[in-house]
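Letters go in sequence order (proteins before strands), and every chain restarts at 1. Computation of the quantities below employed the complete heavy-atom set of this structure, encompassing side-chain atoms and omitting hydrogens, waters and symmetry-equivalent molecules.
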Number of protein chains: 2
Amino acid sequence: MNKSRVTVIDIARAAGVSKSTVSLVLQASPLVNEATRAKVNATIRELGYVYNRGAANLRQSASSRIIGIIVNDLTNSFFAELAVGMDMVMQSAGYVQFLSNSAESIDRQREVIASMREHGIAGLILSPARGTEAADLKPLVASGIPVVAVVRNVVGAKVSTLFSDNYAGAKDAVRHLIALGHRRIAFLGGISNTTVFTERVQGWREALAEVGMDAPDTHVIPSTASRAGGVAAIERALLLPDPPTAALCFNDAAAFGVCDGLRAAGKEPGRDFGVVGFDDVIEAETAVPALTTVSVDPQGMGRRAAQLLLKQINAGRVEPEAIVSSVRLVVRQSCGAGSSDKTRRIFA
Amino acid sequence: MNKSRVTVIDIARAAGVSKSTVSLVLQASPLVNEATRAKVNATIRELGYVYNRGAANLRQSASSRIIGIIVNDLTNSFFAELAVGMDMVMQSAGYVQFLSNSAESIDRQREVIASMREHGIAGLILSPARGTEAADLKPLVASGIPVVAVVRNVVGAKVSTLFSDNYAGAKDAVRHLIALGHRRIAFLGGISNTTVFTERVQGWREALAEVGMDAPDTHVIPSTASRAGGVAAIERALLLPDPPTAALCFNDAAAFGVCDGLRAAGKEPGRDFGVVGFDDVIEAETAVPALTTVSVDPQGMGRRAAQLLLKQINAGRVEPEAIVSSVRLVVRQSCGAGSSDKTRRIFA
DNA sequence: TGACAAAATTGGAACGATCCAATTAAGTAC
DNA sequence: GTACTTAATTGGATCGTTCCAATTTTGTCA
């Protein structure tokens with residue numbers, strides 16, 4: 001249709017003012033006369049003018065109002081919720097976001113970061129792919145762009161962080177299982193050389209230590225953080241000379257796998273074996289049996305991460321900050337504590 | 001650190017060439033001598049130069065390599081998968097994406113579209129919020145920016161579309177229920193004045209007509225497309241003078257609700273009543289009983305939508321195109337056909 | 001060596017906004 | 001009506017890149 005786009009100069013000409021005046025109107029400056037403002041605004045609407053942010057950002061002073069978000073697995077509803085939380089805050093703050101899914105690939109993550117940098121993002125929130133190194137974030141940090149790492153850690157990187165309280169969550173969960181009478185409680189699933197894993201195991205260990213119970217290494221059975229990993233872990237656990245009667249699982253996906261594995265072995269989760277997950281994904285509530293799990297409110301975390309980043313962007317000076325997001329245990333059926341009608345009907 | 005960013009002029013000076021030569025190197029032009037290219041590239045690395053895409057896009061000819069994606073509900077794993085599929089294709093094609101969640105709000109959707117326009121997106125993929133009108137997309141379309149609508153329709157908008165084959169999927173599902181011996185098959189859940197609803201009901205109707213069966217309007221019971229809606233719909237269905245013995249549900253969420261409602265009425269889904277869903281969300285496989293449903297492969301749809309958009313961007317001339325994505329029936333337990341160990345153990 | 005083609009390089013003018021300093025218009029007080 | 005303050009408006013110059021036309025360098029052949 002329009003062979004060339006409408007610019008400030010076009011409206012200036014049409015409205016009979018200078019481009020400077022139009023610019024002032026655009027940024028709602030109080031310097032411009034009411035009548036002039038009205039006339040310019042009318043012309044803007046009439047000609048269908050579209051503000052060109054790219055051009056505006058060219059001047060060195062301006063910061064771009066674009067922020068980058070990279071998550072390692074958007075198909076995981078935990079991260080999808082996280083992203084939605086960020087989206088909310090960024091939206092309302094007038095920012096627009098490049099959201100990308102690294103799919104756990106550091107190469108892809110590197111590409112995306114480079115691309116975002118070229119587009120001049122004002123900040124980055126990153127849920128790092130496994131194996132992310134401080135060097136991957138170095139150039140961003142060096143050029144003064146605030147970075148917030150969420151969920152997972154990037155060792156050695158001087159960036160702000162926002163993690164859930166893995167330690168306290170795991171501790172609470174295990175305390176609950178102890179209170180239910182369990183004396184041999186395993187930790188199942190998850191990849192062992194990650195910070196998250198270490199923290200959750202630490203919580204498990206401390207809860208047992210509190211009441212003078214044993215925390216043998218044989219009861220920590222790592223695997224992948226997935227359903228399949230959960231199945232594998234519980235299979236190995238049941239072969240132990242002193243098999244556990246309950247388990248804290250690395251995350252909900254693994255916990256579902258543990259339930260599958262238990263059934264395959266003729267045991268009913270919740271009745272014959274206590275299962276507790278971590279994350280509180282949406283399916284946890286509606287699964288059968290409903291999963292007892294540590295809720296981390298991913299959407300809330302996303303919101304907080306976004307607020308933290310915005311604070312840093314506005315502050316100018318980037319001062320890395322570490323925030324720990326609290327969690328709470330949600331007791332449902334799978335630990336054996338619940339006794340809702342639903343559970344009764346199925347397991348009685 | 002660096003008080004001002006490094007520009008082509010800086011590298012030109014440092015490498016002892018002109019900015020034009022640097023520009024040619026940046027776009028890998030064959031016009032530049034090998035030795036010069038090497039020297040320039042070395043300088044680029046040395047000074048830590050970052051390409052400024054905003055500045056490059058300023059020249060009118062350039063198209064921005066940014067595309068917009070808006071989904072109506074990212075917390076729904078169907079749409080998350082859809083987004084991931086798009087991300088894959090866009091990534092590999094060297095595009096970067098503004099991804100936003102309208103959360104079913106047309107106001108928010110409008111804002112996001114405006115913002116994306118100001119940032120100069122090359123195209124938009126939209127899974128429209130309910131109530132989206134052609135007028136909302138008019139300015140984009142008028143300025144020649146390709147738009148692809150996915151999943152849902154925008155009536156009257158001259159944009160490309162990519163929908164799943166609701167008609168064929170519903171037809172297949174009902175045929176399957178007929179083959180299982182059902183003679184009174186209802187259509188439960190969903191909001192009636194939507195295209196998707198109409199198409200699925202049409203498939204239901206035709207499948208019944210094929211074998212000369214009745215398709216009374218009383219057997220079509222709309223409600224919301226949610227778990228609660230499913231409960232409400234089955235309650236009403238069971239009160240009919242000739243209650244159905246099976247149902248095709250609007251989507252999986254409604255189907256789960258129907259299962260809940262059946263149990264509340266003392267009937268076991270899969271044994272006493274055949275239930276079929278639509279979408280094949282992740283939970284469908286692991287629910288009890290596992291849900292028979294029509295699988296639409298959201299990730300594949302996302303990929304196809306992205307490819308369609310890229311094709312339109314490259315073609316220059318925008319010629320709206322309508323693509324229908326095929327679906328397939330996944331038979332599990334809830335329809336009464338399956339008889340896996342799992343089902344037996346729980347419902348025997 | 002000179003003539004000419006091909007290869008490589010280059011300055012300057014865009015692109016569309018902002019911002020500064022300078023100018024003009026409008027008020028106010030005497 | 002003049003002097004002065006305040007309110008509005010306005011030309012450049014600028015941001016970092018691309019692109020065009022023009023220029024310089026190199027290569028080839030008689």
Quick one: [X] [atom1] to [N] [atom2], roughly how many Å, whole number?
X: B:N33; N: C:dA6; atom1: CG; atom2: P; result: 18 Å
X: B:N52; N: C:dC15; atom1: CG; atom2: C1'; result: 13 Å
X: A:Y49; N: C:dG16; atom1: OH; atom2: P; result: 10 Å
X: B:Y51; N: D:dT17; atom1: OH; atom2: C1'; result: 7 Å
X: A:L58; N: D:dA13; atom1: CG; atom2: P; result: 17 Å
X: A:R13; N: C:dA17; atom1: CZ; atom2: P; result: 13 Å
X: A:K19; N: C:dC20; atom1: NZ; atom2: C1'; result: 11 Å
X: B:E118; N: C:dT18; atom1: CD; atom2: P; result: 11 Å

Return no unless some side-chain N or O of [X] is found under 4.0 Å from OP1 or OP2 of [N].
X: B:S23; N: D:dT18; answer: yes
X: B:S18; N: C:dT9; answer: no
X: A:R53; N: C:dA17; answer: no
X: A:Q27; N: C:dA17; answer: no

Just to be sure I understand the rule, does [X] reach a base, reach only the sugar-phosphate, or reach nothing, if contact means heavy atoms closer than 4.0 Å?
X: A:L24; value: base
X: A:T7; value: sugar-phosphate
X: A:S20; value: base

Of A:V150, A:L162, A:V151, the residue whose pairing with A:S325 passes side chain to side chain contact (heavy atoms under 4.5 Å, CB included):
A:L162
Would you call A:E321 and A:K311 a salt bridge, taking side-chain N to carboxylate O under 4.0 Å as the test?
yes
Would you give me the side-chain donor-acceptor pairs under 3.5 Å for residues 78-90 of chain B, sequence neighbours excluded?
{"unit_1": "B:D87", "atom_1": "OD2", "unit_2": "A:S100", "atom_2": "OG", "d": "3.3"}
{"unit_1": "B:D87", "atom_1": "OD2", "unit_2": "A:N101", "atom_2": "N", "d": "3.3"}
{"unit_1": "B:D87", "atom_1": "OD2", "unit_2": "B:Q97", "atom_2": "NE2", "d": "3.2"}

Only one of A:D136, A:N72, A:T132 clears side chain to side chain donor-acceptor pair (under 3.5 Å) with A:Q109; which?
A:T132
Between B:L31 and A:V50, whichever has its closest DNA chain C nucleotide further toward 5' is B:L31
Spacing of CG belonging to B:D10 relative to CD1 belonging to B:I44, to within rounding of 0.5 Å
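Atom-to-atom, B:D10:CG and B:I44:CD1 are 11.5 Å apart.
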Please state whether the base of C:dA17 and the side chain of A:R59 form at least one donor-acceptor pair under 3.5 Å?
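No pair found.
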